[in-house]
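Keep in mind that what you see is a predicted model, and the values were worked out from it rather than measured. Order of the sequence lines sets the chain letters (A, B, ...), proteins ahead of strands, with each chain counted from 1.
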Amino acid sequence: MYRTHTCGELRKENSGKTVTLAGWVQGVRDLGNLIFIDLRDRYGLTQLFFDKSSPLAESAKQLGREYVIQVTGIIRERSSKNAQLETGDIEMLVEQLTVLNESKTPPFTIEDVTDGGDDLRMKYRYLDLRRAVVNKNLLHRHRVAQAVREYMDGQGFADVETPFLIKSTPEGARDFVVPSRLNLGSFYALPQSPQTFKQLLMVAGFDRYYQITRCFRDEDLRADRQPEFTQIDCEMAFVEQEDVLQMFEGMVKHVFKKVRGIELEDFPRMSYADCLKYYGNDKPDLRFGMKLIDVKDVVSGKNFKVFDDAEAVNAIVAEGCSEYTRKQTDELTEWVKRPQIGAGGLIFIKCGFDGSYKSSVDKFYSADDLKKIAEHCNAKAGDLILILSGVLAKTRKATGELRLEMGVRLGLRKVEDYKPLWVLDFPLLEWDEDDKRFNAMHHPFTSWKKEDNELINTNPGAVRANAYDVVINGVELSSGSIRIHSRAQQEKMFSLLGLTDEEAQYKFGFILNAFEYGAPPHGGIAFGFDRFCSIVISNLDYIRDFIAFPKNNSGRDMMLDAPSDIDARLKKELGL
RNA sequence: GGUCUGGUAGUUUAGUUGGUUAGAAUGCUGCCCUGUCACGGCGGAGGUCGUGGGUUCGAGUCCCAUCCAGACCGCCA
């Protein structure tokens, strides 16, 4: 036994007790005749005390940061306490000191507010993980996983593992591939999701399946995207959309309750079409209003060509911003003109407190015209109306981005708020302008609404899918659908996606065949577990802090220095 | 594939219109200190200004290329 207690648990009540602790030296405070050392482990900090009469004083002075030591001594109440520390009422009068391992001086400070940059922290991730703020994230992640398992098990879901070495079916994201030595020239692919396997488990009669499992996608990365990431993958048989919605709304609520003590209200529901119309994207942040307003009709016919010729003219109302200076409005205009937003320009109307209206297009609009626009937008005195125009889809997207940006600037996206939402009625297909064909919006196994059966042949782009997303605070947390479970319907879907019968059979023969042997109606959902953790725990959409060993922007593991070249012999064996 | 931002002691950074010896904090280190807990005080060491070219009497600073990191767009069935 290296220790009798941890560094986080001793209190005043333990005074007089002789205990043994082990941990890392957080810091040495050498006051000359007194030496204090903070000993750290995962559970907390305990202060060690040495005075000059101690035969250990000299050894204590030699200790450096991050040395691993074992100490035995008597716990006693401190004469001067530290209210900031859970163990701040006590200290150990050290009687035995063993250095278990020395440490080089770490390249950055192992403290909550570290002096290390991201780069360095990733290279020395094992040191970074010693910092309480970082390891707490991972411990919370564990709590989230436990809460999920608890709920799923309670609902009768079975955890079944599915393979990582599978067949490449490059329909969506780019696959990671693994060369096969036993089958030279052939490759496995790593799963982008266990999608087809969970459906086969439904055919197999498993009824309720879930798995917290790794998925792999070889696409460019973001703050909220890693090449390998974790999904809570779920599937149920004999269910309709409403059953799935109820079941997993319950799961999200359970996790928030268990991990954060937060009671979420019932999730509102919104159609995909309304999301785009009112928020400019399919994952609206409902923590604030500032909905997009269609002002095309009220602004047209005043000889302002920009608006008259535009397919769409959208406005948002920024409350209390009428006093924005020229500098501020110019800066916002530059912001929307950046290539990432791509708007041509920005028009604004200031609704003065005195009832006056001032706009950047006064040449075309009288005070009365502006008043009408403001009334249409429900703008009050003191508000600022921001207007973008152009092609419909692009204008909605840009206005949506501007809305989010204004939300940030006005402090409306509060970290303590959680506003979940079901997004429903997604289109089944989306047109790919580059390849001149349809892509599945969700994935090719998604079924479509019975009411839209006619449209499949006449106007496939208008067909609505039985698909649904959970969105919280503008972050897509999960995505799911009721699946196709008949061979004929699945073949129809593949043909819509431009696959020949031969291609469909080659890539997806296994699931088409399975559908011929009594596949039950089924559907499911998959949650991005890393994102789920980042939202539940810190309400941020930055997942690297919740992954023990994440990869950087370019998919590199800075600690391992991977990916790397491989041994020439191995290459030869793999026929590379 | 594209846009933008950054790269200066171990670390985080300042560095003005190009001009003498590149400054600070922190960390490290030596001495002093009996109640610290971001301990304090006095001293010390520590820099190829990412790399390579160019302009110039002179470049951390200007120009070109390149590498690395980060954010975003495209991409992510």
Name the nucleic acid region contacted by A:Arg338, choosing base, sugar-phosphate or nothing; use a 4.0 angstrom heavy-atom cut-off, strictly under.
nothing
Expressed as a whole number of angstroms, how long is the span from A:Glu77:CD to B:rC37:P?
19 Å
Under 3.5 Å, which protein N or O atoms sit close to an N or O of nucleotides 12-14 of chain B? Give each pair with its distance.
| residue | atom | partner | partner atom | Å |
| --- | --- | --- | --- | --- |
| B:rU12 | OP1 | A:Gly117 | N | 3.1 |
| B:rU12 | O4' | A:Asp115 | O | 3.2 |

With sugar-phosphate meaning primed atoms plus P, OP1 and OP2, does A:Arg483 contact a base, only sugar-phosphate, or nothing at under 4.0 Å between heavy atoms?
nothing
B:rC75 base / A:Arg217 side chain donor-acceptor hit below 3.5 Å
no
Would you mind classifying the nucleic acid contact of A:Pro444 as base, sugar-phosphate or nothing, using non-hydrogen atoms under 4.0 angstrom?
base
A:Thr395 and A:Leu388: which non-hydrogen atoms are nearest, and at how many Å?
CG2-O, 3.5 Å
Say we look at B:rG30 and B:rU66: how far apart would their C1' atoms be, to the nearest angstrom?
44 Å
Write down the distance between CE (A:Met493) and P (B:rA77), rounded to a whole number of angstrom.
13 Å
Residue mapping more 5' on RNA chain B - nearest nucleotide basis, A:Ser80 or A:Pro107:
A:Pro107
Determine whether A:Tyr210 and A:Asp233 satisfy the following criterion, side-chain contact (heavy atoms from CB on, under 4.5 Å), listing intermediate values before the conclusion.
CA-CA 5 Å; A:Tyr210 88 108; A:Asp233 192 53; over 6 Å; no
Going 5' to 3' through nucleotides 1-7 of chain B, assign each nucleotide B (protein heavy atom under 4.0 Å from a base atom), S (under 4.0 Å only from sugar-phosphate atoms) or - (no protein heavy atom that close).
BBB----
Could you tell me whether A:Lys394 atom NZ has more than 12 heavy atoms of other residues or ligands within 6.0 Å of it?
no
Salt-bridge criterion met for A:Arg531 and A:Glu476 (N-O under 4.0 Å)
no
Please state whether the rings of A:Phe508 and A:Phe510 are parallel, tilted or perpendicular, taking 30° and 60° as the class boundaries.
tilted
Expressed in whole Å, how much space separates the P atoms belonging to B:rG74 and B:rA38?
46 Å
Pairwise C1' distance for B:rA71 and B:rU36, with rounding to whole Å:
42 Å
Hey, does the Lys NZ or Arg CZ of A:Arg174 hover above the aromatic six-ring of A:Phe216, less than 6.0 Å from the centre and inside 45° of the axis?
no
What about A:Glu111: does its side chain form a donor-acceptor pair under 3.5 Å with the base of B:rG27?
no
To the nearest Å, give me how far apart NZ (A:Lys61) and P (B:rU36) are.
18 Å
If you measure from the P atom in B:rG6 to the same atom in B:rC64, how many Å do you get, rounded?
15 Å
Nearest-angstrom distance, C1' atom, B:rU34 to B:rA24
33 Å
Have a look at A:Arg121 and say if it touches a base, only the backbone sugar-phosphate, or nothing, with a 4.0 Å heavy-atom cut-off.
nothing
Nearest-Å distance once atom P is located in both B:rU8 and B:rG70:
15 Å
Between A:Ser554 and A:Ala173, the residue closer to the 5' end of RNA chain B by nearest nucleotide is A:Ser554
Across the strands shown, which category fits A:Ser79 at heavy-atom distances under 4.0 angstrom: base, sugar-phosphate, nothing?
base
Once you round to the nearest 0.5 Å, how far does CG of A:Leu512 lie from NZ of A:Lys507?
12.5 Å
Go through A:Leu21 and A:Thr6 one step at a time and tell me if the side-chain contact (heavy atoms from CB on, under 4.5 Å) criterion holds.
CA-CA 6 Å; A:Leu21 298 176; A:Thr6 70; 5.9 Å; no
May I ask you to list the residues of residues 36-53 of chain A, by number, that have any heavy atom positioned under 4.0 Å from an atom of RNA chain B?
A:Phe36, A:Gln47, A:Phe49
Across every strand shown, the nucleotide meeting Watson-Crick or G-U wobble geometry with B:rA9 (both distances under 3.5 Å) is none
Sticking with atom C1', work out how far B:rG18 lies from B:rC63, rounded to a whole angstrom.
13 Å
Give one of base, sugar-phosphate or nothing for A:Glu430, where a contact means two heavy atoms less than 4.0 Å apart.
nothing
For B:rG2 versus B:rA77, give the span between their P atoms, rounded off to a whole number of Å.
23 Å
Positions of residues 496-509 of chain A (non-hydrogen atom under 4.0 Å from RNA chain B), listed by number:
none
Whole-Å distance, A:Arg29 CZ to B:rA38 P, equals 7 Å
So, using salt bridge (Lys or Arg N to Asp or Glu O under 4.0 Å) as the criterion, who are the partners of A:Arg396 when residues are at least two apart?
none
If the test is side chain to side chain donor-acceptor pair (under 3.5 Å), which one of A:Thr446, A:Asn466, A:Asp469 qualifies with A:Ser481?
A:Thr446
Suppose we call a contact any N or O donor and acceptor under 3.5 Å apart; does that hold for the side chain of A:Arg225 and the base of B:rC76?
yes
Check the angle between the aromatic planes of A:Tyr468 and A:Trp422 and answer parallel, tilted or perpendicular using the 30° and 60° thresholds.
perpendicular
Applying the 3.5 Å cut-off to both distances, the Watson-Crick or G-U partner of B:rU3 turns out to be B:rA71
So, A:Asp115 side chain and A:Thr109 main chain: donor-acceptor pair closer than 3.5 Å or not?
yes
Please evaluate residues A:Arg40 and A:Glu66 with respect to the criterion salt bridge (Lys or Arg N to Asp or Glu O under 4.0 Å), reporting the C-alpha separation (whole Å), side-chain torsions for both, the decisive distance (0.1 Å), and the verdict.
CA-CA 9 Å; A:Arg40 184 196 71 240; A:Glu66 301 307 313; 2.9 Å; yes
Pairing partner of B:rG44, by Watson-Crick or G-U wobble and under 3.5 Å for both distances, is B:rC28
Quick one: do the A:Trp448 and A:Asn453 side chains pair a donor with an acceptor below 3.5 Å?
yes
What is the separation between atom CG on A:Asp432 and atom C1' on B:rC75, rounded to the nearest whole Å?
11 Å
Under 3.5 Å, is there a donor-acceptor pair between the A:Asn137 and A:Asp545 side chains?
no
Reckon A:Asn82 has a side-chain N or O less than 4.0 Å from the OP1 or OP2 of B:rU36?
no
Give me the residues of residues 193-202 of chain A where at least one heavy atom lies under 4.0 Å from an atom of RNA chain B, by number, or none.
A:Ser193, A:Gln195
Using only side-chain N and O atoms of A:Arg78, determine if any of them is under 4.0 Å from OP1 or OP2 of B:rC37.
no
Rounded interatomic separation in angstrom, taking NZ from A:Lys123 and P from B:rC68
15 Å
A:Leu31 CG to B:rC37 C1': how many Å, rounded?
10 Å
Donor-acceptor pair between A:Asp530 and A:Gln226 side chains, under 3.5 angstrom
no
Please determine whether the number of non-hydrogen atoms from other residues, nucleotides or ligands lying under 6.0 Å from atom CD of A:Glu86 exceeds 12.
no
So, does A:Asn33 get its side chain near the phosphate of B:rC33, meaning an N or O under 4.0 Å from OP1 or OP2?
no
Taking any heavy-atom pair under 4.0 Å as a contact, classify A:Asp119: base, sugar-phosphate, or nothing.
sugar-phosphate
Figure out the CG/P separation between A:Leu127 and B:rG10, and round it to whole Å.
18 Å
Is the shortest side-chain N/O distance from A:Arg544 to OP1 or OP2 of B:rG70 below 4.0 Å?
yes
